[in-house]
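Not measured: the values here are computed from a predicted model.
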Amino acid sequence: MTSSTLGIVDIDHLMIRARSLEHAAAAYEKFGFFVCPPRRKIDMSAFAEGKPGGGGKATLNNRHIIFKPYPGRTDVANFLEFMCIEDPLATPPKVMQLMSFLGDSEGPKTVVCLVNDLDRSLAEFTRRGFEAPPTIPFETGWDDVERGSFVRIQARPFVPPPGQMPLQMNCYETSTLDTYQYTPWTVHPNTARCLAGITSVSENLVRDAEFMATRIFDTEPVFRGSDEATIKVRDIEWRIVTPRRFK
């Protein structure tokens with residue numbers, strides 16, 4: 001089921017920029033989350049040719065906190081992703097351009113939506129006047145040492161260059177949706193079950209909420225007074241608030 005002609009199934013996960021994956025993992029473990037082990041390293045040099053990475057030098061890496069699917073859903077993943085550019089100078093320019101939205105500061109950087117046909121979504125983004133750079137596929141996974149198994153993950157992301165929309169979002173497709181919901185790692189000591197919503201802060205609430213709702217999600221924002229608006233593709237709510245409401 002999709003609500004947008006961009007083919008967006010729903011909000012899938014949130015990418016958070018971290019200076020140190022170890023520090024981010026340790027911090028969230030203190031908050032009571034189970035953090036997936038480091039994924040197998042991807043050779044970023046392979047991305048220069050647009051090919052899935054192998055097992056060489058990793059200059060950009062991530063860690064995940066995965067959840068059970070949103071209640072009643074099996075067609076979308078649900079997780080937090082910590083992203084770290086570990087060696088900017090050794091990262092191919094094409095990859096740095098793709099990930100330029102990460103910037104210098106830590107914190108949430110982009111809302112990632114799942115699509116089932118990325119090529120069709122790219123064509124629609126282009127038709128709507130957005131710049132659509134080439135996608136870069138990757139394939140890697142996690143080693144589950146406790147169970148002696150390999151948890152494969154594969155994805156192909158599309159990242160619109162920053163500045164084309166007031167709030168950064170991007171799309172991806174995957175053939176390994178089930179392993180992004182790997183059951184043994186979706187149980188958290190703090191009893192967290194799923195990502196139910198995301199909050200962004202805007203200095204121009206009406207303009208930004210209307211742009212994201214109508215230009216990206218083919219819907220209308222719901223305003224709750226003068227300081228809050230919500231956008232919902234299906235179940236995951238994107239809440240946009242003014243700095244005053246955020247405080």
Side-chain angles (χ1 to χ4, degrees), residues 1-17 42-53 59-62 75-77 79 81 83 85 88 91-104 108-140 153-177 180 198 200 202 204 207-221 231-234 236 238 240:
M1 175 179 177
T2 59
S3 300
S4 167
T5 56
L6 284 169
I8 293 172
V9 178
D10 208 342
I11 290 172
D12 186 276
H13 63 276
L14 179 68
M15 183 183 290
I16 302 169
R17 196 266 173 124
I42 298 175
D43 182 0
M44 303 306 293
S45 64
F47 281 10
E49 291 78 39
K51 301 175 183 177
T59 59
L60 182 147
N61 230 323
N62 64 6
D75 59 343
V76 68
F79 60 89
E81 177 181 15
M83 183 65 73
I85 300 176
T91 304
K94 184 176 180 180
V95 178
M96 285 301 296
Q97 290 172 2
L98 181 72
M99 306 304 292
S100 63
F101 67 91
L102 290 175
D104 295 327
K109 291 295 182 179
T110 183
V111 175
V112 186
C113 298
L114 179 70
V115 299
N116 290 327
D117 188 333
L118 192 62
D119 292 322
R120 289 183 62 182
S121 297
L122 283 173
E124 179 63 15
F125 264 105
T126 302
R127 191 191 70 78
R128 295 186 184 197
F130 295 100
E131 184 181 353
T135 62
I136 300 178
F138 69 86
E139 182 175 325
T140 180
I153 53 175
Q154 175 279 330
R156 186 163 66 111
F158 157 66
V159 182
Q164 298 187 85
M165 54 189 74
L167 301 172
Q168 184 69 28
M169 64 79 64
N170 69 282
C171 299
Y172 88 119
E173 67 176 15
T174 179
S175 62
T176 56
L177 185 61
Y180 277 115
I198 293 168
S200 296
S202 168
N204 193 325
R207 179 199 65 189
D208 295 349
E210 289 183 345
F211 183 102
M212 298 303 294
T214 60
R215 292 289 306 279
I216 304 299
F217 297 108
D218 294 337
T219 187
E220 295 292 332
I231 301 170
K232 185 179 288 189
V233 182
R234 181 171 165 185
I236 311 301
W238 192 344
I240 306 170

Checking the side chain of [X] only, and the main-chain atoms of [Y] only, is there a donor and an acceptor separated by less than 3.5 Å?
{"X": "Arg128", "Y": "Arg215", "answer": "yes"}
{"X": "Glu81", "Y": "Asn62", "answer": "no"}
{"X": "Thr174", "Y": "Gln154", "answer": "yes"}
{"X": "Thr110", "Y": "Val112", "answer": "no"}

So which heavy atom on [X] is nearest to which on [Y], and how close?
{"X": "Cys171", "Y": "Leu118", "value": "CB-CD1, 4.2 Å"}
{"X": "Leu122", "Y": "Ala132", "value": "CD2-CB, 4.0 Å"}
{"X": "Val9", "Y": "Val233", "value": "O-CG1, 3.9 Å"}
{"X": "Asp12", "Y": "Ala77", "value": "OD2-N, 2.9 Å"}
{"X": "Val159", "Y": "Asn170", "value": "CA-CB, 3.8 Å"}
{"X": "Met165", "Y": "Phe130", "value": "CE-CE2, 4.0 Å"}

Going from [atom1] on [X] to [atom2] on [Y], what distance comes out if it is rounded to the nearest 0.5 angstrom?
{"X": "Glu173", "Y": "Arg156", "atom1": "CD", "atom2": "CZ", "value": "4.5 Å"}
{"X": "Asp119", "Y": "Phe158", "atom1": "CG", "atom2": "CZ", "value": "11.5 Å"}
{"X": "Thr5", "Y": "Phe125", "atom1": "OG1", "atom2": "CZ", "value": "10.0 Å"}
{"X": "Ile240", "Y": "Glu210", "atom1": "CD1", "atom2": "CD", "value": "10.5 Å"}
{"X": "Leu177", "Y": "Ile153", "atom1": "CG", "atom2": "CD1", "value": "12.0 Å"}
{"X": "Met15", "Y": "Met83", "atom1": "CE", "atom2": "CE", "value": "4.0 Å"}

Item checked: Thr214 vs Glu220, side-chain contact (heavy atoms from CB on, under 4.5 Å): CA-CA, chis, key distance, verdict -> CA-CA 6 Å; Thr214 60; Glu220 295 292 332; 3.9 Å; yes
Determine whether [X] and [Y] make a side-chain contact, defined as any pair of heavy atoms from C-beta on separated by less than 4.5 Å.
{"X": "Leu114", "Y": "Tyr172", "result": "yes"}
{"X": "Ile8", "Y": "Ser121", "result": "no"}
{"X": "Leu167", "Y": "Val111", "result": "no"}

Notebook entry, point to check: Do Glu124 and Arg120 meet the salt-bridge criterion of a basic N to acidic O distance under 4.0 Å?
Noted result: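 No salt bridge links Arg120 with Glu124.
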Next item on the list: Measure the acute angle between the ring planes of Tyr180 and Phe79, then classify it against the limits of 30° and 60° as parallel, tilted or perpendicular.
Entry: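 The rings of Tyr180 and Phe79 lie parallel, inter-plane angle below 30°.
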